[in-house]
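Below: the structure, in structure tokens.
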Amino acid sequence: MLASCATYHPVALSSSAGLASSLQQLQLGMERDKHPELPEKWRIKKIVPEDGLDENETIALAVLNSPQLKAARTQIAESRAALFAAGLLPDPQGGVSLDFPRSNDPTLKTGENFTLGIDLQQILTRGARRDAAIEQARATWLNVLWQEWQVIGQARMLWRRAIIQQQQLAILQQQLKQAKTTWQGQDDALNKANTTLDQEGLALTPLMDAQAAVIESERQLNTTLHDFNLLLGVDPSVHIALTDPGAALSSLVAAPLSGEALQHMLAMIGKRRPDLLALQAGYMSQEGKVREQILSQFPSFSIGANSLRDTAGLWTLGPFMNFNLPILNGNRGNVAVARATRGRLAEEYRFQLANARVQASKMAQDQQLAYEEWQALTMHLPHLALTVKRMAHALSIGQIDMLTFTTLRTAYFSQQARVLMLEQALLEQGVALDTLTGTTLSATPAQTNKGMHS
């Protein structure tokens, strides 16, 4: 019996953050039979970070190495332990008592009483407890899966955001270079008395604005890259190279869903999103707890055998039954609490389902408006670029003044930045909508059960 007992071993809490000092220290491969919830393109056998990470490699690295997911997945072990505990049968109950005679009669002996029994109430309610634990374990697995979805969405967003911000920084640096060249030309002309002080000042202002814009863009990119390192569990000092998709990134901008396609997507949210499926499982777990409390209101009793030797030395053997009378308590309080909790969970599920549909609908409409603005800007931007080129020539031959040219060129750079900002918004909204509606990953009952029992 002692050999089968668990033993205590203290585990010290590490003070290390556990961040990798290089990408090579991360898990860089995924077995094909693992993570069946992921699309095939995200289950990458071998990740090669040396040539830069593309979006699919970033997703795989996040799923395999995210500190957030590593912490979340420990909840699955807890739910499995709770499920194991719920299925255990009650231990038998034994008892020994002695009865010492206080008389001097030499014929009297020490009385002995041995009992062995088992609580039948725990056996009768075992099925309900185990059903509740199964659904609770399923809810835990689905909540962990929902956190995985969010990590994947964050990985996609950060990768796309970093690529766009790098392009934005390149445009702003180009703007700064041209503004500096223009100002230097005006400054040289002013020193040679070939221009006026106000013209030189008109060239200096765009230069100062461009310098401030470059610094702000660098700050935003720095924030994104630090968030990227944290997501992958890598030390902030490690530089992570990203594969620049070039024009291919703009090809990811697609017209948002609308009409019947959007309504169908919204109607399927409750069957796809893991957090909503987890709420359903939590409700079913509470159903099991209500049934357990209903069964517990009946008289609890235990049965067993009783062996007794009285002080006269006579041995007796017979059964016994202990039970309580459910007159005053009757477990009615626990039944009421279980039913009230079940009602609360039902209302919470309905609210979360409605909230998910409203959020997804709002996201889809915002995406539609951004897409319409992006289309209009990309249609007129080439014409504006040609106009700036012509105005630069007109400025060189003195046909226009510096104020007109700098105003037009600044407007052109602003529209370029606006296009990139809209592309970033569209790409990030697409990822957010995928996460909100559950259109990218899957959480079918078969996969849920497999993940829970594996």
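None of the values given here were measured: they were computed from a predicted structure. Residues: numbered from 1 along the sequence shown.
- Between Leu142 atom CG and Leu279 atom CG the span is 9.5 Å, to the nearest 0.5 Å.
- Between Val419 and Leu422 the shortest side-chain heavy-atom distance does not fall below 4.5 Å.
- A heavy-atom distance below 4.5 Å is found between the side chains of Ser296 and Gln121.
- Of the possible donor and acceptor atoms, one in the side chain of Thr140 sits under 3.5 Å from a partner among the backbone N and O of Gln136.
- Atom CG of Asn355 is separated from atom CD of Glu348 by 12.5 Å, given to the nearest 0.5 angstrom.
- Not a single donor-acceptor pair under 3.5 Å links the side chain of Arg357 to the backbone N or O of Ile269.
- Although no hydrogens or angles enter the test, the distance criterion places no donor-acceptor pair under 3.5 Å between the side chain of Gln293 and the main chain of Arg339.
- Looking at heavy atoms from C-beta onward, Met391 lies out of side-chain contact with Val388 at the 4.5 angstrom threshold.
- Nearest heavy-atom pair across Pro67 and Leu231 is CD-O, 3.6 Å.
- For the pair Arg73 and Glu148, the salt-bridge criterion is met [side-chain N within less than 4.0 Å of a carboxylate O].
- Side-chain atoms of Asn65 come within 3.5 Å of backbone N or O of Gln27 as a donor-acceptor pair.
- Contact of the Leu88 side chain with the Phe84 side chain is registered, since non-hydrogen atoms from C-beta on lie closer than 4.5 Å.
- Applying the side chain to side chain donor-acceptor pair (under 3.5 Å) test to pairs two or more places apart or on separate chains, those with a residue in residues 210-228 are Gln165-Thr224, Glu216-Arg219, Glu216-Gln220, Asn222-His226.
- Of all heavy-atom pairs spanning Gly127 and Arg291, the tightest one is O-NH2, 4.0 Å.
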Could you go step by step and tell me if Gln166 and Leu221 meet the side chain to side chain contact (heavy atoms under 4.5 Å, CB included) rule? CA-CA 7 Å; Gln166 288 174 353; Leu221 179 59; 4.0 Å; yes
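- The environment of CZ in Arg126 is crowded: more than 12 heavy-atom neighbours from other residues, nucleotides or ligands sit within 6.0 Å.
- Separation of atoms CG (Leu83) and CG (Asp131) is listed at 10.0 Å; rounding is to 0.5 Å.
- With hydrogens and angles disregarded, no donor-acceptor distance shorter than 3.5 Å links the side chain of Thr410 to the backbone of Thr407.
- Side-chain atoms of Arg273 come within 3.5 Å of backbone atoms of Leu436 as a donor-acceptor pair (strictly under, hydrogens ignored).
- Atom CE of Met421 sits in a crowded spot, with more than 12 heavy atoms from other residues, nucleotides or ligands closer than 6.0 Å.
- Closest heavy-atom contact between Pro49 and Gln24: CG-NE2, 3.9 Å.
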Report the C-alpha separation of Lys177 and Lys180 in whole Å, then their side-chain angles, then the decisive distance to 0.1 Å, and conclude whether the side chain to side chain contact (heavy atoms under 4.5 Å, CB included) test is met. CA-CA 5 Å; Lys177 181 179 179 181; Lys180 187 174 183 179; 5.8 Å; no
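- Residues Glu428 and Arg160 are not paired through a salt bridge, judged by the lack of any N-O separation under 4.0 Å between the basic side chain and the carboxylate.
- At a threshold of 4.5 Å between non-hydrogen side-chain atoms, the residues Val63 and Trp42 do not count as touching.
- One finds a salt bridge joining Glu347 and Arg350 here, because a Lys/Arg side-chain nitrogen approaches an Asp/Glu carboxylate oxygen to under 4.0 Å.
- For residues 358-370, the pairs satisfying side chain to side chain donor-acceptor pair (under 3.5 Å) are Lys362-Asp366, Gln368-Glu372, with sequence neighbours left out.
- Between Leu53 and Ile47, the closest side-chain pair of non-hydrogen atoms falls below 4.5 Å.
- Atom CD of residue Gln174 and atom CG of residue Leu172 lie 10.0 Å apart, to the nearest 0.5 angstrom.
- The nearest pair of heavy atoms linking Asn143 to Ala278 is OD1-CB, 3.4 Å.
- Counted within 6.0 Å of CD on Glu50, heavy atoms from surrounding residues, nucleotides or ligands total more than 12; the atom is thus considered enclosed.
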One pair to check against side chain to side chain contact (heavy atoms under 4.5 Å, CB included): Arg342 and Leu345. What are the steps and the verdict? CA-CA 5 Å; Arg342 180 179 60 181; Leu345 293 177; 5.8 Å; no
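- The minimum heavy-atom distance linking Gly153 with Val431 is given by the pair O-CG1, 3.3 Å.
- Atom OG1 of Thr378 sits about 10.5 Å away from atom CD of Glu373, to the nearest 0.5 Å.
- At least one side-chain heavy atom of Gln352 sits under 4.5 Å from a side-chain heavy atom of Leu276.
- No option in Thr58, Asp434, Asn56 other than Asp434 meets the side chain to side chain donor-acceptor pair (under 3.5 Å) test with Arg156.
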Worked check of side chain to side chain contact (heavy atoms under 4.5 Å, CB included) between Ser414 and Arg418: CA-CA 6 Å; Ser414 297; Arg418 180 64 181 170; over 6 Å; no
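- Counting all heavy atoms, side chain and backbone alike, Asp54 lies closest to Thr243 at N-OG1, 3.8 Å.
- One distance of note links CG of Leu26 with OG of Ser21; it measures 9.5 Å at 0.5 Å rounding.
- Within the 4.5 Å cutoff, side-chain heavy atoms of His383 are placed close to those of Thr387.
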